[in-house]
Amino acid sequence: MARIRIVPTVVELRALLADRRRAGSTVALVPTMGALHEGHLELVRRARELADVVVVSIFVNPLQFGPNEDFDRYPRALDADVAALETVGADLVFAPSVAEMYPDGPSQTRVAAGPIAALYEGASRPGHFDGMLTVVSKLFHIVQPDIACFGQKDAQQVYLVQRMVRDLDLPLGIEVVPTVREVDGLAMSSRNRYLSDEERVAALALSESLRAADRASADGLAEVLAEADAAFGAHDVQPDYLVVVDPATFLPVGDDATGEAVVLVAARVGATRLIDNARITLG
Ligand code: PAF
């Protein structure tokens, strides 16, 4: 197996990719902030199936963290990440410094994520999605991938990335990869490592609320919300939001809605903010 290459600069990455493209290779990008888990590795496996060259970016993007969020303590584990990426056949790890990505200081030009970005995650994390789309857009310009892989776990992020690609006619495909879960249902997340043993049990409130929502889906929205809320109550966890949205618009569905919908949940468990989501069919 060819050894993975760690690339810290934009110039070097562009040169390597230009060589591969001249040889006719297609390129997939998996954007990450590192602290990789099985969910990320699944994105890389999918990228491996879709393109000849797989680039994984590892960059904890300061632009998408608020002043009181966990940017400083966000887990950084480059050596372990690279070792994990070797096992799934990534080719290049783009691991720039903050100064490499933002040589003139924080970007003055930003992608405005629009009204959906003010809802749900955005309501608790003002500016988060503008910062996320700005770095994703920079990564798309740096790597110029044919396809980029994102996890369904961050459903609002995926919606906004797909919307940016359509709105700005960006020339790439977006591949959405299903959420990877622990055996007991907890969605994998880099932030799970913050949880104490007790919080790890309480964190099941999120996935259990989604299962309860699914079980109640044939009975309509009110029942879905009541059952999902009860699952939070059983763990003594207060949801930050629990909402059922239309997958096409990402706006809350009406009381009489039927058909495909997405349940979004978020909660703080101890000091750790967790999110999860699931598709349901409202009856
Ligand atoms: O999902 C993430 O890890 C980040 O939001 C992303 C897409 C890598 C942008 O920083």
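We number each residue from 1, following the sequence as shown. These figures come from a predicted structure and were not determined experimentally. Both ligands and their constituent atoms are indexed starting at 1 by order of listing.
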query = Under 4.0 Å from ligand 1, counting heavy atoms only, is it the side chain of Val161, its backbone, both or neither?
reply = neither
query = Picking from Arg5, Arg48, Arg20, what satisfies side chain to side chain donor-acceptor pair (under 3.5 Å) with Asp91?
reply = Arg48
request  = Indicate the ring-plane relationship of Phe65 and Phe71, choosing parallel, tilted or perpendicular according to the 30° and 60° boundaries.
outcome  = perpendicular
request  = Please could you name the atoms of ligand 1 that Val135 approaches to less than 4.0 Å, counting only its heavy atoms?
outcome  = 9 (C), 10 (O)
query = With a 4.0 Å heavy-atom cut-off (strictly under), which part of Met33 contacts ligand 1: side chain, backbone, both or neither?
reply = both
request  = Identify, by atom number and element, the atoms of ligand 1 in contact range of Pro31, meaning under 4.0 Å from any of its heavy atoms.
outcome  = 8 (C)
inquiry  = Considering non-hydrogen atoms of the protein only, which is the closest contact for atom 9 (C) of ligand 1, and what is the distance?
reply    = Gln64 OE1, 3.3 Å
ask   = Any side-chain heavy atom of Asp240 sitting closer than 4.5 Å to one from Ser124?
value = yes
task = Only one of Ile58, Val10, Val56 passes side chain to side chain contact (heavy atoms under 4.5 Å, CB included) with Phe94; say which it is.
result = Val10
key: Per-atom contacts of ligand 1 with Met132, taking only distances under 4.0 Å to non-hydrogen atoms   = 5 (O)
Cationic tip of Arg200 above Tyr194 ring, under 6.0 Å, 45° of axis = no
task = Identify, with sequence neighbours excluded, every residue that meets ring-ring contact (aromatic ring centres under 6.0 Å, His included) alongside His128.
result = none
remark   = Of all protein heavy atoms, the one nearest atom 1 (O) of ligand 1 is Gln157 NE2, 2.8 Å
query = Looking at Thr32, which atoms of ligand 1 are within less than 4.0 Å of one of its heavy atoms?
reply = 8 (C)
